[in-house]
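Worksheet for the structure shown next.
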Amino acid sequence: MSTSTPFAGITPRTDAREVLRGPDGRAIKVLVVDDEQTLSELLALALRYEGWEVRTAADGASAVAAAREMRPDLVVLDVMLPDMDGLEVLRRMRNESDRTPVLFLTAKDAVEDRIAGLTAGGDDYVTKPFSIEELVLRLRALLRRSHTALAADSSTITVGDLSLDEDSREVHRGGDLIQLTATEFELLRFLMRNAKRVLSKAQILDRVWNYDFGGQANIVELYISYLRKKIDAGRPPMIHTMRGFGYVLKPAA
């Protein structure tokens, strides 16, 4: 596999580019999947200079397991892997309701290969050889488009036309102020911090009410219904029930 050179030019950021973090203030988590160790290490180095947490995998099976364990915010995925191709890795991730943005790396320049990656559910692609700076900029753009990142100094979580200010505790949708109780606010904050991720009732109970899961799931259903009446009433819905899995909040279609 070939990559652009020189990689020795990768240096810590000295520009004024803002540091992106997850909506809850944590470091952005990135999974880099490539069987070429040198390339993986160089990509990991460049992404860590962004202040992001990086994990690498060298084959498809390890990538699927790592994605399930770490729940990354972004995946950089090589199309050609030793055990399965990147399209199969993505298919397995999507089968688990994983909507993480994925950027494909490919040594192929054929239009049909690009189309195949995007049709399979990929969000972007970079053809080797590529510029490290270009790849980083594309990843930052994917974070922005997927509404899973904020500037490090921001107290506002935004998903589509819904915004929540953690300092003022104000919530707006489409410019309209929405009044929430303290518990409704905490539930919405948890859903928004994990936008596009399916959350089980047990996870919600543990994080919002600090209960161990044991027959209290009805309280989750009750407060989800309260939120829907305030957030989704008369508007395209953002809160969705995933039968057998839980709930997910995502930008309105």
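For the single chain, residues carry numbers from 1 onward in sequence order.
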Any [X] side-chain heavy atom under 4.5 Å of [Y] side chain:
| X | Y | result |
| --- | --- | --- |
| T106 | F130 | no |
| I132 | L43 | yes |
| L105 | V79 | no |
| I157 | R193 | yes |
| I204 | F190 | yes |
| L188 | L249 | yes |
| L199 | V248 | no |
| F104 | V126 | no |

- Is there a side-chain contact (heavy atoms from CB on, under 4.5 Å) between V32 and T56 once you walk through the steps? CA-CA 5 Å; V32 175; T56 62; 4.2 Å; yes
Distance (rounded to the nearest 0.5 Å) between [X] [atom1] and [Y] [atom2]:
| X | Y | atom1 | atom2 | value |
| --- | --- | --- | --- | --- |
| T100 | D123 | OG1 | CG | 9.0 Å |
| S225 | I239 | OG | CD1 | 10.0 Å |
| E170 | T156 | CD | OG1 | 9.5 Å |
| L162 | L191 | CG | CG | 10.0 Å |
| D124 | L74 | CG | CG | 11.0 Å |
| L139 | L47 | CG | CG | 6.0 Å |

- Query: Is a salt bridge present between K128 and D34, judged by a nitrogen-to-oxygen distance below 4.0 Å?
  - Reply: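 Counted as a salt bridge, because a side-chain N and a carboxylate O are separated by less than 4.0 Å.
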Closest approach of [X] and [Y], non-hydrogen atoms and distance?
| X | Y | answer |
| --- | --- | --- |
| K29 | M70 | NZ-O, 2.7 Å |
| A58 | D35 | O-CB, 3.3 Å |
| A27 | G51 | CB-O, 3.6 Å |
| V198 | Q203 | O-OE1, 3.9 Å |

- Within the side chain of R68, is there an N or O that forms a donor-acceptor pair under 3.5 Å with the backbone of A63?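 Not at all, since once roles are kept as given, no pair shorter than 3.5 Å links the two residues.
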- When you measure from the side chain of D165 to the backbone N and O of S168, does any donor-acceptor pair fall under 3.5 Å?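 Yes; judged by distance alone, with no hydrogens or angles, the pair exists.
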- Checking salt bridge (Lys or Arg N to Asp or Glu O under 4.0 Å) for the pair D73/K196: CA distance, chi angles, key distance, verdict? CA-CA 11 Å; D73 299 296; K196 294 187 177 183; over 6 Å; no
- Query: salt bridge (charged side-chain N to carboxylate O under 4.0 Å, His left out): which pairs involve residues 51-66, sequence neighbours left out?
  - Reply: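 Sorted pair list: R55-E69.
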- Quick one: which residue pairs count as a salt bridge (charged side-chain N to carboxylate O under 4.0 Å, His left out) with a foot in residues 225-242, not counting sequence neighbours?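 Every pair satisfying salt bridge (charged side-chain N to carboxylate O under 4.0 Å, His left out) with a residue in residues 225-242: R173-D232, D176-R235, E184-K230.
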- Report the C-alpha separation of V33 and L31 in whole Å, then their side-chain angles, then the decisive distance to 0.1 Å, and conclude whether the side-chain contact (heavy atoms from CB on, under 4.5 Å) test is met. CA-CA 6 Å; V33 186; L31 174 62; 3.8 Å; yes
May I have the list of side-chain donor-acceptor pairs in residues 80-90 shorter than 3.5 Å, sequence neighbours left out?
{"from": "D83", "atom 1": "OD1", "to": "G60", "atom 2": "N", "distance (Å)": "2.8"}
{"from": "D83", "atom 1": "OD2", "to": "G60", "atom 2": "N", "distance (Å)": "3.3"}
{"from": "D83", "atom 1": "OD2", "to": "A61", "atom 2": "N", "distance (Å)": "3.0"}
{"from": "D85", "atom 1": "OD1", "to": "L87", "atom 2": "N", "distance (Å)": "3.1"}
{"from": "D85", "atom 1": "OD1", "to": "E88", "atom 2": "N", "distance (Å)": "2.8"}
{"from": "E88", "atom 1": "OE1", "to": "R91", "atom 2": "NE", "distance (Å)": "2.9"}
{"from": "E88", "atom 1": "OE2", "to": "R91", "atom 2": "NE", "distance (Å)": "3.4"}
{"from": "E88", "atom 1": "OE2", "to": "R91", "atom 2": "NH2", "distance (Å)": "2.5"}
{"from": "E88", "atom 1": "OE2", "to": "R92", "atom 2": "NE", "distance (Å)": "2.8"}

- Should L187 and L222 be counted in the same cluster of Ile, Leu, Val, Met, Phe, Trp and Tyr side chains packed under 4.5 Å apart?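 Yes, L187 connects to L222 through the hydrophobic network.
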- Message: side-chain contact (heavy atoms from CB on, under 4.5 Å) for L77 and L103? Distances and angles first, verdict last.
- Response: CA-CA 6 Å; L77 178 59; L103 181 145; over 6 Å; no
- Item | Partner set under side-chain hydrogen bond (donor to acceptor under 3.5 Å, both in side chains) for Q37, not counting sequence neighbours |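 Only E41 meet the side-chain hydrogen bond (donor to acceptor under 3.5 Å, both in side chains) criterion with Q37.
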- Message: Please enumerate all residues that pass salt bridge (charged side-chain N to carboxylate O under 4.0 Å, His left out) together with R169, with sequence neighbours excluded.
- Response: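 Partners of R169 under the salt bridge (charged side-chain N to carboxylate O under 4.0 Å, His left out) test: E186.
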- Only pairs at least two apart or in different chains count here, so list each side-chain hydrogen bond (donor to acceptor under 3.5 Å, both in side chains) that has a residue in residues 242-253.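 Passing the test, one end in residues 242-253: no pairs.
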- Does the pair Y226 and T181 meet the rule for a side-chain contact (heavy atoms from CB on, under 4.5 Å), with working shown? CA-CA 10 Å; Y226 290 162; T181 66; over 6 Å; no
